[in-house]
There are 2 protein chains.
Amino acid sequence: MNISLETIRQRFKDQGLKSTPQRTAIYKALVETTSHPTAEDLYRHVSQDYPMISQNTVYYTLGVLQQARLIREVNVGHERARYDGNLSPHHHLICHDCQSIVDVMDKKLNEISFPTGLPTGFEITDYQVEFRGYCKRCRTQKA
Amino acid sequence: MNISLETIRQRFKDQGLKSTPQRTAIYKALVETTSHPTAEDLYRHVSQDYPMISQNTVYYTLGVLQQARLIREVNVGHERARYDGNLSPHHHLICHDCQSIVDVMDKKLNEISFPTGLPTGFEITDYQVEFRGYCKRCRTQKA
DNA sequence: CTGCTAGATAGTAATGATTCCTAAAAAAGA
DNA sequence: TCTTTTTTAGGAATCATTACTATCTAGCAG
């Protein structure tokens, strides 16, 4: 889905973040994709419009956006970090082979009741379901 | 919970793995803890009995055991990999601050129905629920 | 509109977990 | 016991990420 520059600037302002062209481009790219890119993916993408951008800026910006709770980190294996600009509650489908991540929107999954018998004092803020399996492409490749 | 050398040797044999003292020690340590240790944690632990063991062996062994599906990798953030020797279906409670992982055993969570409207051809093999929040210790430290 | 200041950027160097490479050692079956 | 195959240990290499730092710029104040 598309996001306007206006909206981005407002969100940054709300979180006390300066709006720079690089930062805006990185955030826009992340919100407008569902591919859960790595820092390098984003670096390559944003480089098309800002050839002088450094990888450092991408890492720094992702850190800032994450702290401001405008984006989230997603993890698959212990490989490089991947990011998600979609903050609405949703879940993930991950392929064991190609590590692709697909969003799962299913209302029922948002209504799981918290487990009982937790360690005393633990306060749950949110949860996420990770479904693992094999995507069509990887299955046909094996056959 | 405790595991006997017998059992370990049998499991290795079933998977066509040689039984070496180092390998046995690493696997035993992993099965007998619920702390989801890193490779380095295991290295330090096993070093007490095998001072000459190399980190390399730990990494190599974890890879072998994972391929044999005797252990699993757990991930919290994009930090170093953590491992779990408990293969029975269970879920995790993770502290945003200290990154500690606690096992959650809750039968209801094992009966979640798979979502509908998935990409065609995707075959789900398993799933896991990750609850995030703040543990008692980190909450009191902030207050 | 202009100047000021905190924060952002880019480039390079450093870090640290993990992997690669290789020779020597050890397991397991014959 | 012998042989083959795998495992181990150690050091070097890799690669994502972070640290450092000088320059630059956004955004506010005047």
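Proteins come first, then strands; the chains are lettered A, B, ... in the order of their sequence lines, and each starts at number 1.
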Contacts of B:H91 that satisfy side-chain hydrogen bond (donor to acceptor under 3.5 Å, both in side chains) - sequence neighbours left out = B:N110

inquiry  = Suppose we screen for salt bridge (Lys or Arg N to Asp or Glu O under 4.0 Å). Which residues come up paired with A:D84, at least two apart in sequence or across chains?
reply    = none

query = Bend across the helix from C:dC1-D:dG30 to C:dA30-D:dT1, to 10°, with axes taken over 5 pairs at each end?
reply = 40°

request  = Applying salt bridge (Lys or Arg N to Asp or Glu O under 4.0 Å), name anything that partners B:R80, two or more places apart in sequence or on another chain.
outcome  = B:E40

task = Measure up the B:H96 and B:Y134 rings against each other and bin them: parallel (under 30°), tilted (30 to 60°), perpendicular (over 60°).
result = tilted

query = So which of residues 22-33 of chain B are in contact with DNA chain D, with a heavy-atom cut-off of under 4.0 Å?
reply = B:Q22, B:R23

What side-chain donor-acceptor pairs closer than 3.5 Å can you find for residues 57-71 of chain A, not counting sequence neighbours?
| unit_1 | atom_1 | unit_2 | atom_2 | d |
| --- | --- | --- | --- | --- |
| A:T57 | OG1 | A:S54 | OG | 3.1 |
| A:T61 | OG1 | A:T57 | O | 2.6 |
| A:Q66 | NE2 | A:E73 | OE2 | 3.3 |

task = Using the test side chain to side chain contact (heavy atoms under 4.5 Å, CB included), find all partners of B:D49 that sit at least two apart in sequence or belong to another chain.
result = none

B:S54 vs D:dT8: side-chain N/O to OP1/OP2 distance below 4.0 Å = no

remark   = Given protein heavy atoms under 4.0 Å, the one-letter contact record of nucleotides 17-30 of chain C, with B base, S sugar-phosphate only and - none, is simply SBBBB-----BS--

inquiry  = Please enumerate all residues that pass side-chain hydrogen bond (donor to acceptor under 3.5 Å, both in side chains) together with A:Q99, with sequence neighbours excluded.
reply    = none

Under the side-chain hydrogen bond (donor to acceptor under 3.5 Å, both in side chains) test, residues paired with A:R11 that sit two or more places apart = A:Y27

inquiry  = A:E32: which residues meet the salt bridge (Lys or Arg N to Asp or Glu O under 4.0 Å) condition with it, sequence neighbours left out?
reply    = A:K28

ask   = With sequence neighbours excluded, what pairs up with A:D106 under the salt bridge (Lys or Arg N to Asp or Glu O under 4.0 Å) test?
value = none

